[in-house]
Structure formats: C-alpha cells, structure tokens
Protein chains: 2
Amino acid sequence: MTTITHLQARDIRFPTSRQLDGSDAMNAAPDYSATYVTLTTDADDAHQGHGLTFTIGRGNDVCVKGVEALASRIVGRDLEAITADMGTFWRDLTSGDSQLRWLGPEKGVMHLAAAAIVNAVWDLWAKREGKPVWKLLADMSPEQLVQCLDFRFVTDALTPQEAIALLKRKEAGKGEREAHMRAEGYPGYTTSAGWLGYSEDKMRRLAREALAEGWTHFKQKVGGNLEEDRQRARILRDEIGWDRELMMDANQMWDVDEAIANMRDLAEFDPLWIEEPTSPDDILGHAEIRRRLDPMGVATGEHCHNRVMFKQLLQADAIDYCQIDAARLGGLNEVILVLLMAAKFDVPVCPHGGGVGLCEYTQHISLFDYIAVSGSLDGRILEYVDHLHEHFVDPVRIERGRYQVPEAPGYSITMHDDSLERHRYPEGEAWHAASNEN
Amino acid sequence: MTTITHLQARDIRFPTSRQLDGSDAMNAAPDYSATYVTLTTDADDAHQGHGLTFTIGRGNDVCVKGVEALASRIVGRDLEAITADMGTFWRDLTSGDSQLRWLGPEKGVMHLAAAAIVNAVWDLWAKREGKPVWKLLADMSPEQLVQCLDFRFVTDALTPQEAIALLKRKEAGKGEREAHMRAEGYPGYTTSAGWLGYSEDKMRRLAREALAEGWTHFKQKVGGNLEEDRQRARILRDEIGWDRELMMDANQMWDVDEAIANMRDLAEFDPLWIEEPTSPDDILGHAEIRRRLDPMGVATGEHCHNRVMFKQLLQADAIDYCQIDAARLGGLNEVILVLLMAAKFDVPVCPHGGGVGLCEYTQHISLFDYIAVSGSLDGRILEYVDHLHEHFVDPVRIERGRYQVPEAPGYSITMHDDSLERHRYPEGEAWHAASNEN
C-alpha cells in the first residue's frame, strides 16, 4: 500500500505579456501560468506526481484555491487503489463531493483544478511503472483502458462495450505504429509566427525560421481588424507559398453570422480550418458555421469544458478537427474518452498547444491516439508553440517539424525546482521587477 | 458622481444538511450557502448594494475568492456611469479581463462570482431610485432595457432591434398587468414536501399543509431508486389528487436513454414536467428526451450557465420550461436577455427557487417578465421553497400559493446583520457546534 500523504498546489506565472507572446484578439496580454500540483507518497521510491493546469495569469490563485478544496478527496488515499479503478476515482474527484459539484458541474475553475490533480496522478503512476504516459496507456488492454473512464452522460454516443470494440479494432498494429513513431515522430504545426502582437518584420523572420526548421503547417490569429487579418494572411502566404497549409484562429471573437461573413472574406487565402470562430459553448453555432462555410474546415475545443460538450459537437457534425485541451477537460481520463468518441465519429483530434506545459502533455495524447485509438495520422497535426519549454525537466523535442517520442517516465510535466521558485506568484524573483505593471 | 468605494465578500453558510432540507439524488446533503457581496459608496444616502450567489456549502470560499479577483473591476468606479450603460459594464465584468475570462469563459466559479456583484449593483441602483427591482425594470423604456444587455454570441437568435420590438409589443398593457399583480400576486408552486430525505409521514404532513395553504402545483424529487420514486409519486398523488399538478425533478441523475426509460415508467403519475433529466450541458440530449417523451414536458436551467446555452436549448426545441437561476447566469442583465429569447421562442420561464435567497430574487424576475416581456402567465409558475426566508430584511410573502408583490426598494436580497454574523463560515456561531461534522 502506498499512501498519498501530501498535495501541494503552487501559483506559478510567467510574465509573457511583456513580449506579447501568445497575444490574440480575445487574449490580449496573457501571462502564461500554471496551477502546479505536486503529490507526495510514503513510498521509498521518492517519486512525486506532477500535474498542472494552464491559465493565463490573474485568477490562477482562484484555481489554486479550487485545488485546495479538492485535496481532501485524494490525500490519505491509497495510490494502488486509485490506479486499480481510475474511472471511479475520476468520478469521485470531479463529482463525488456534491457541494463542490454545484460550482460546475464539470466546468470552470473546479474542473480546471481537478485536471491538475488527475494529471499528477497519471504522472506518478507512470513514473512508478517506469514508462512515459503514452506507453503506459498503449500497453493497457482495452478493458483496462475502459475501466479508467467515466461514461456518465455519454452512453447515448458511446458505451463501454463500443469503446472496447473500438480499441480492439486497433490492437493488431500497435507495435508497428509505435515503431513508426519512434522512427519518425508525430507531425506538428507551429503558431509561432502568427500571433497578433507581432510586427510584419517579426512575422516574416519567424515564418522563414519555421520553414527552415521543416514546418509545413502554419497558424495565424484573426478576429481583430479584418483588413489587418487579410494583410497578415498575405504576408504568411507570401512566405510559405500555397502548397503548405495555413490555419486561422479567431479565438471566439465573432458571433455566428459575423464568423461566416468574415471567413468568406478570408477564404481566398485557402485556410485549412477556422478555429474557435465563436463562443466555445455554441455547438449549434459551430454546426451552422461549418455548414455554411463548407468545404472550409471548422476546429474548436481548447475551451470545450467537458465530454458532454464534445459529444454534442460530434453528434451535431459541428467540427472537422477536435482540439482537446489536456487540462481544461478533467485530465487524461476525460481526454481518452473524447479520443474514443472522436474515433467513433471519425473526427481527427488535434490537441491545443498554446500555453505552458501543454505541448509536453499533448505529445503523449497524440502518440496514444495514433498507436491505440485512431491508428491514423490523416488530418492530424499537433500544435507546437515554442515558449517556456526550458522550464521542464523533460521538454518536448522537435525535429524537422515533428515531435520526437518522449522516453522518460511520467507525463513530461515536471518543472525544474528553480523555475518553480523563480516564478512563484507574487513572491518569485521573476515578479519582483514586474510587480507594479502587473 | 457616486464612487463605489468598497466591495466586501462574505462566506455565509447555513447548516441545512443536518435536517436534509434540500436533499435530492445528486445533492445529498447541501448546506445552503451564499457568497454575499456588499457594495459601499461615498454617497450621503447610506445605501449599500447587496447581492449573493447561491452555493450548497464547500467551495463557497472559492467563489468568495472569485469575487475578490473581480473586485478591482468595480471598486473605484462611478455608479452613475455604470448604470447609464449597464450592458458595457456587464461585458467588462464578465469578459473584460482576458486573463480571468480564460477560467470560464462565462461559466463556473467566475460566472457565479460575477453574478453576486452584478446583482448587488442592481440592488444598489434600485434602492437609490426608491423602487423594487421589478418596478425599476418595468418603468424602463425598451431602449433603456436593451442598453443593459450584452448580445454577444446570441445575435443569430435575437438582435437588439428584435428585443426592442418584443418589448414594444407589450408596452400597452403594462399598467394593467402591474395592477393585476398587486391585486392577485404571482402564482407559485412548492417543493417543500418532495425532497428525497423525508419519511412518508413527513411527506404526507407537508403535502396536507401545502394543500391547506392553497398550493396547486407540487414537485417531487426523483432519480434515486426507481421503485422509491414511484412510491413517493403514489403518496403525493394520493394526497393532492389528479386535478392538481405534479412535477418531477431528477437533478441530472440520468443518461439520455435512462431518462427516457425511467420517465416512461413514471408517466402513469402524469407529471407536468421532468426537470433536469440529464447533464445540464446536454442540449441535444434534452431535445432527444423531449422528442421521445412527447407530450410530457421537459424543464431545465438551474445549472444552465449562460445565455449561449439557453439560446441553444431554445433553438433545438429542447425545453418546454426555461428555469433560469438568478445567480448562475451572470446576474440580472443576462437573465433579462434570456427572458427575451424565451419570449421570442414562446417558451415560459419558471425560475429556480431551491436555495437561499433565490425566491427573493426570482419574484422580481417573474413579475418583470409578466408585466413587460411575455405578458402572460400561461405555463408560468414560480418555484417556492420554504427555507431560510427569516434571514432576509424583506422576505418573500406568500398568500394562498401566490407571491405577493414586493414593494421595498432594491432586490430583496439584503440579509439581517445578525444572520450574516451568525452564519459566517467557519467562524460564525451557527458553525461552532458543527465544526467537527462539517
């Protein structure tokens, strides 16, 4: 028996708004931040579980408070009992306290908070098994995987039996696909050149650098001034040509009819998809936008808060690309359930990567999806944003536009101690000079 | 110029779980609680604005933290400037800080927190005008009302111009309907007898008392053991007969197919509606349940977190009754917008009342709806729960099953100072004895 003896929740923030890294029409000045959870056990092996939820600055302290409200549901519990029945643990953490459930259910601060804890459990489990998370998952039987999931509210779209059947369908080629990934890596795309706050010179320079690095898919932010959006699309097409893919991301700036009108205008730049054209809650709105912009692709999901919402996006034929966020969904268990639903509805999953630690998480998710769930790379491309990786013990490695397979045990989300120390908010050194501006 | 000089947020909790008041299948042991906001100004008139968000216990401190995160968006501002353009104020509070918006958007803890602040502004405004909130609203012109609203993300269902036209349509009979309400009150229904934790004897006694008091609509909780649900329906039908209405409330316990199967079983008790049959996020699920249970009514909304979700419930023909919550939506501005959309789609609004302070709020909403928006009582019935009204300075008054029109200035949500003092969590007297059990 291994008891989880302690949960620590830290408010970690990076002052990214000073450079306008990550700036888009909705999120003008983000300070990439993490509600950072560390789980400690009484085992002799000294392994700790690390998990984080990404936020963009103010309010990260509210998330920390949310984690603290949930801590009593995990501290004192037996780790092996949890991992033996992760589905039950997950439901207990996200909905087991009916008083806390009232604050959602399964959305907003409390669900973000739950995600950090859930992912820390996966990190701890994988470290103790000596495997990276993607490999821990890929080695499970369909029945073991399904036992990790909570099908509440989605059985009209996917039952546990169907999920097992989906996984069995892909069991045969798992070894081959794993070897393929180790040899070639998982294809990525970059948003680095396309943020709103950048000058034309900076855009061109970053686009050229990205081309030289081997990237083939490029994303730009839209949703500000339409003429400026056009101008930035022109610059990017000018740099990347027409054989490479350009994606556009509106970050929820538009109403439904506005999204349709603006994207008809931007259609001449042949975007592969329009991402977050409107409110992330608007399932029927996305369906309408997709129908009227056909054949342009519609993508959303980084703000889609739970499996019930993704279920409906799939049922309503609202999306061409499913962009889960590793810690807005309630951690890996809920992510896996969405991977399975997306596979059933034949919609590719292209996880959200714009944040701190998100690329570290999502490489595990997309590898697992390819090896064991969808078995396909068609239409799949994993977002890469080149920010803040230096703070991680086991950062993502990119070669020629492809994620290289992580081999270190865990979920790759452990930060260096000194990074954590320097970026504690508000007392860390990184915030000393900035305290008056922020 | 009147400056808002101070915002106080208090964690107020009532130990209702000791009596199982408010117990249902999902919410087994709630401690009715309030994130209680008080706004102070520099005016000589000594008016304060009071607003609360309802929660059911643990996590109320997280909401208080959420209010504190929003405080800087209102403290120091000019009240007249806010009330002159409430729509802009509302958008600024709920979405103006892009870093905080990331935690939702417009859902969960941060939206609950915003609601308490928004409602406190309305309370303060109405007190300074010397009017109850319903009257403040009813006296506004259509243009003034529409200026209070944020139509972002709903213009595909309702434009400001359509909203003005809807309000103009009902301008003629406003005086008459106001007089009607003062003479007769607004029709209510009671859940008092139907909570899950009660014995048969207690149910029968409470049902008889309610009948004697003149109630004609009764609600019971379902979603636990189906045979027990049937047994409690039998008891209630036995007491109230078949000419009065029985409603059922599953509090989100079922998956879609399960809801349909169980309600087909319970259909013999002729429920007027099934409330919250499944996840509050499942718009398409509610539509499917409604289609397959036709002609039984489907009701939901107390956990519907914003106008975008209500828009879709209406667009998808998912509900027969729209049950807004006065403080889960982002306060009165967003409630008014939902009233207008419901009027356009011809769906009656029957607000949620099971909580502390909710009946005090909703009487204003339903009176305004009748006088100025829908102009109708058809299918409209306002929930009444007989708990904790004694803590309010201006509590609801019920006569023969009808809400009597509140005449005191404000939103009726101001609590007695000694109630606030005794129920502060965890330091208040009400919690001294209970601190070990809770």
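In the text below, chain A, chain B and the rest are named by the order of the sequence lines, each starting its count at 1. All values reported here derive from a predicted model rather than from experimental measurement.
- No donor-acceptor pair under 3.5 Å is formed between the side chain of Q99(B) and the backbone N or O of G59(A).
- Note: F54(B) and W102(A) have perpendicular aromatic rings, judged against thresholds of 30 and 60 degrees for the angle between ring planes.
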Go through the steps for Q315(A) and E288(B) under the test side-chain contact (heavy atoms from CB on, under 4.5 Å), then give the verdict.
-> CA-CA 12 Å; Q315(A) 289 172 323; E288(B) 176 77 2; over 6 Å; no

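- The shortest side-chain heavy-atom distance between V109(B) and K65(A) does not fall under the 4.5 Å cut-off.
- Chosen from P105(A), A69(A), A316(A), G66(A), the residue pairing most often with chain B at heavy-atom distances under 4.5 Å is P105(A).
- Annotation: the span from R101(A) atom CZ to I56(B) atom CD1 amounts to 9.0 Å, rounded to 0.5 Å.
- Comparing S95(A), G285(A), A157(A), G104(A) by how many heavy-atom pairs each has under 4.5 Å with chain B, the most go to G104(A).
- If you measure heavy-atom distances from V62(B) to chain A, the contacts under 4.5 Å come from both the backbone and the side chain.
- Heavy-atom distances place both the backbone and the side chain of D61(B) under 4.5 Å from chain A.
- Distance check: L103(B) CG to C63(A) SG gives 5.0 Å after rounding to the nearest 0.5 Å.
- In this structure, the separation between CD1 on I283(A) and CG on L284(B) is 6.0 Å, given to the nearest 0.5 Å.
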Just do the side-chain contact (heavy atoms from CB on, under 4.5 Å) check on M309(A) and D282(B) with the steps written out, would you?
-> CA-CA 7 Å; M309(A) 299 299 285; D282(B) 200 348; over 6 Å; no

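- Both the backbone and the side chain of L100(A) come within less than 4.5 Å of a heavy atom of chain B.
- Proximity to chain B involves both the backbone and the side chain of D156(A), based on heavy atoms less than 4.5 angstrom apart.
- Residues forming a salt bridge (charged side-chain N to carboxylate O under 4.0 Å, His left out) with E68(A) (at least two apart in sequence, or on another chain): none.
- The structure places NZ of K107(A) at 11.5 Å from NE2 of H111(B), a figure rounded to the nearest 0.5 Å.
- Contact of the D281(A) side chain with the E106(B) side chain is not registered, since no non-hydrogen atoms from C-beta on lie closer than 4.5 Å.
- In this structure, the side chain to side chain contact (heavy atoms under 4.5 Å, CB included) partners of D255(A), at least two apart in sequence or on a different chain, are E258(A), R152(B), F153(B), T155(B).
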